[in-house]
Amino acid sequence: MVSLLALLIGGWLALVAVPVPAQDASPTVGPASTERITAELVAMTGSATPGSTLILAVRQDIRPDWHTYWRNPGDSGGATTLDWALPEGWEAGDIVWPLPERQPLSGLMNYGYSDVVYLPVPITVPADAEPGRMLDLSVTALFLVCSAEMCVPDELTLGLRLPVGAADQTPLETRHASAIQAVLESSPRPAGLTARIAHADDGGLTLAVTGDAVQGPDGPGPVYFFPFEGGIIDHAAPQTGTWGPEGLSLTLTPGGKARAGGLTGPVAGVITTGQGAFEIVAEPGPVPQGASGSGVLQAEDAAGPAGFDPSALIQAALLALVGGLILNLMPCVFPILAMKAAALARAAHAPQEARRDGLMFLAGVLVTFLLLAGLMLGLRAAGEAVGWGFQLQSPVVVLSLSLLTLAVGLNLSGVYHIGQSLQGLGEARLSRLPGGTGAFFTGVLAVAVAAPCTAPFMAAALGAALIMPWGAALIVFLMLGLGLALPFVVVAFSPALLARLPRPGPWMDRMKGLLAFPMYATALWLAWVAARQAGSEVLALGLIAGLMLAFALWLWGVRQAGAGRWTLILAVLSLVAAIAALALVSRMEPVPPTEATASADAGAEAGVWTAEAIAAAQAEGRPVLVNFTADWCVTCKINERVALSSGQVRAALDEANAVYLVGDWTVRDPAITRELERHGRSGVPLYLLYAPGAEAPRVLPQLLTPGLVAEAIREAGS
């Protein structure tokens, strides 16, 4: 799992990293190293025999916490490539790939290698090779070496001096011979298996494999399928299935390619069982009967998705704390924080009240985060694709928040007051909002309006939390809430700071009236978001609901002033009208984003994001910039206005012939949710930049500048 220090520092620096300088092109005889890997070209035998096959291997000694990749890297990464420089007539074959490790990371699944690994390659030695001649063999190896935080392409040119032996002599084995032989013997190989793959009725894929190598009286043992091609299956999804008298059937989750165009041809890969690892080619077709019916396949072993790591909880919790602190600086939280600052000023010279208000504000924030996190985790456990800000994908929730902020604004403007005695309910009094209850509900409101914002470090923390057990995930969310509330708790418990605040006076009433206007602006913005989600009719209904609510609260204020006998009845009728308007809104169907709206929203000329659009652009050799955004995401809109719509970025897109795609998450879209999860995120914004031919994108920071984006696009294009 990610390390805190690297995420805080290296994660940002890696996003704007300078290209790695190329290594010296002359071959290094013996080991060659970078900070991440030591590599060496080695041979299985001490000499080459004319007319035979020589086995060379690239030996990798990978530093702890780093890894390289298999031929299919999985959800991210890139395979090792070898470019040979051999004498005339010598020919290098394909890499004999050892069985890879499964490397789960933040909802992704990669395939690769760690520690020490050999990549054997058969070399055809011509029959006319001159015995006794000393030859220089070399290979340029390009490794993509990755940790949990960053990837670095390391290129090393490796050399080996090897004599040509006599044709009638058996060459001596080297010290690497047994290790290379072990790889050759254990590497996946064909075994005469028959495989079929088909779409199941539930939308999944069924892979059936039959033949002697996957049969046995007690079943095939633990089974896993590694495809040779990315995008056919969801690598991170669990693989379950059954076995029968003739073989086995695996249930797989289709990837983007299989979902989009179906199965257009054979699917090749490696099937691992208790008997070994075997190469298969699955033809599209009906699944044979004998591949199921005898028992359930064994669950994945420890090589599958990683278990809970306590250190990961500590790291994610600290990231969440930092993200919560930064959230105080995000624009969507400003109106609430100004209200809280005014409340602290009012209690500045009453230390006991100030401490009470600080703790109640903290309680309101933590309780709301706990409820929101529990709801989100519960929906995800039920199979729903939701993430941070999911509640704002519902027009009725957005309009409800709009009405709530309108009500807060009217209260600040003095239209009505909360805390007056309720005639008709005896002399019972509500808890006064300026007191502890008011501080608590200010905390609740702070979390409600913070949802449209995503601060730096929040994405990594929440993305990690969503793959943790429930208890650990809730701790991460609570730490996020603690970060949001901490500045006010510190001030409330700091007499020296409180003493510096001005004493209460008439200025506070003027300040209170002024703070109403950010709340009115928030209400209008949320009404606009709801209209974007469900069409222009919802805006009309929202305005009607707002008018009715304002009328009801004005009548309530009149009643509080002691005038009128029928004001309570009129207020109730007005509230009923507002609720009825909301009920009508809840019946409206969301309006899906179009390419035109995506272009208008995101600034630059844009298309709608799909996995196929990325693949098509990369097939043309064009860079791709993807913007995952939402109308209710304030951070997204600021980035689009300041950076993505700037002339500097437009010029860079044109210069690099790049494609700009927008994934609009304003309305719930499970495909976008899954893509966010693939990159360890639980919400927007997310900015991905694909270089031509690169399977794994570069993730840009959550706060953008025109120069940063333009430079990244130019680097991808070059």
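The one candidate from Thr194, Val209, Ile280 that meets the side-chain contact (heavy atoms from CB on, under 4.5 Å) condition with Val214 is Val209. Only one option out of Thr34, Thr80, Thr68 pairs with Asp154 in a side-chain hydrogen bond (donor to acceptor under 3.5 Å, both in side chains); it is Thr34. Considering Ser187, Pro188, Pro100 as possible partners of Val270, the one that fulfils the side-chain contact (heavy atoms from CB on, under 4.5 Å) test is Pro188.
Nearest heavy-atom pair across Pro50 and Val125 is CA-CG1, 4.0 Å. Closest approach of Pro87 to Leu137, counting heavy atoms only: CD-CD2, 3.5 Å. Considering all non-hydrogen atoms of both residues, Leu99 and Ala277 come closest at CD1-CB, 4.0 Å. When every heavy atom of Val287 is checked against every heavy atom of Ala208, the shortest pair comes out as CG1-CB, 3.4 Å. Pairing each heavy atom of Ala213 with each of Thr273, the nearest pair is O-OG1, 4.3 Å. Residues Ser138 and Leu41 come closest through the heavy atom pair CA-CD2, 4.3 Å.
Using a distance-only test at 3.5 Å, with no hydrogens or angles considered, no donor-acceptor pair links the side chain of His176 to the main chain of Met44. Panel note: side chain Gln239, backbone Phe225; a donor-acceptor pair is recorded below 3.5 Å. Counting only distance, with no hydrogens or angles, the side chain of Asn110 and the backbone of Gly74 share no donor-acceptor pair below 3.5 Å. Side-chain atoms of Thr53 do not come within 3.5 Å of backbone N or O of Thr124 as any donor-acceptor pair. Of the possible polar contacts, one joining the Ser249 side chain to the Ala291 backbone as a donor-acceptor pair under 3.5 Å is found. Glu155 places no side-chain N or O within donor-acceptor distance of the main-chain N or O of Ala141, the cut-off being under 3.5 Å.
Remark: the Ser114 side chain and the Glu101 side chain contain an N/O donor-acceptor pair separated by less than 3.5 Å. His235 and Tyr111 form no side-chain donor-acceptor contact under 3.5 Å, judged by distance and modelled atom types alone. No hydrogens or angles considered: nothing links the side chains of Arg59 and Thr38 as a donor-acceptor pair under 3.5 Å.
Ion pairing between a basic and an acidic side chain is recognised when a charged N comes within 4.0 Å of a carboxylate O; Glu279 and Arg189 show no such pairing.
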### Task
Might you work through the side chain to side chain contact (heavy atoms under 4.5 Å, CB included) test for Leu250 and Val223, ending with a clear yes or no?
CA-CA 8 Å; Leu250 266 182; Val223 175; 3.8 Å; yes
### Query
What do the steps show when you test Leu54 against Thr49 for side chain to side chain contact (heavy atoms under 4.5 Å, CB included), and what is the final call?
CA-CA 7 Å; Leu54 170 69; Thr49 302; over 6 Å; no
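Two residues are said to be in side-chain contact when any heavy atoms from C-beta on lie closer than 4.5 Å; Phe143 and Ile62 fail this criterion. Asp136 is listed as a side-chain neighbour of Arg161, based on a closest heavy-atom distance under 4.5 Å. Val267 is not listed as a side-chain neighbour of Glu283, based on a closest heavy-atom distance of 4.5 Å or more. With contacts defined as side-chain heavy-atom distances shorter than 4.5 Å, the pair Val42/Thr174 does not qualify. Side-chain contact check for Leu661 versus Leu625: every heavy-atom pair is 4.5 Å or farther apart.
The 12-atom threshold is exceeded at CD of Glu620, counting heavy atoms of other residues, nucleotides or ligands nearer than 6.0 Å. Shown here is Asp65, whose CG atom has no more than 12 heavy atoms of other residues, nucleotides or ligands within 6.0 Å.
Between Trp97 and Tyr113, the two ring planes are parallel [angle under 30°; tilted spans 30° to 60°].
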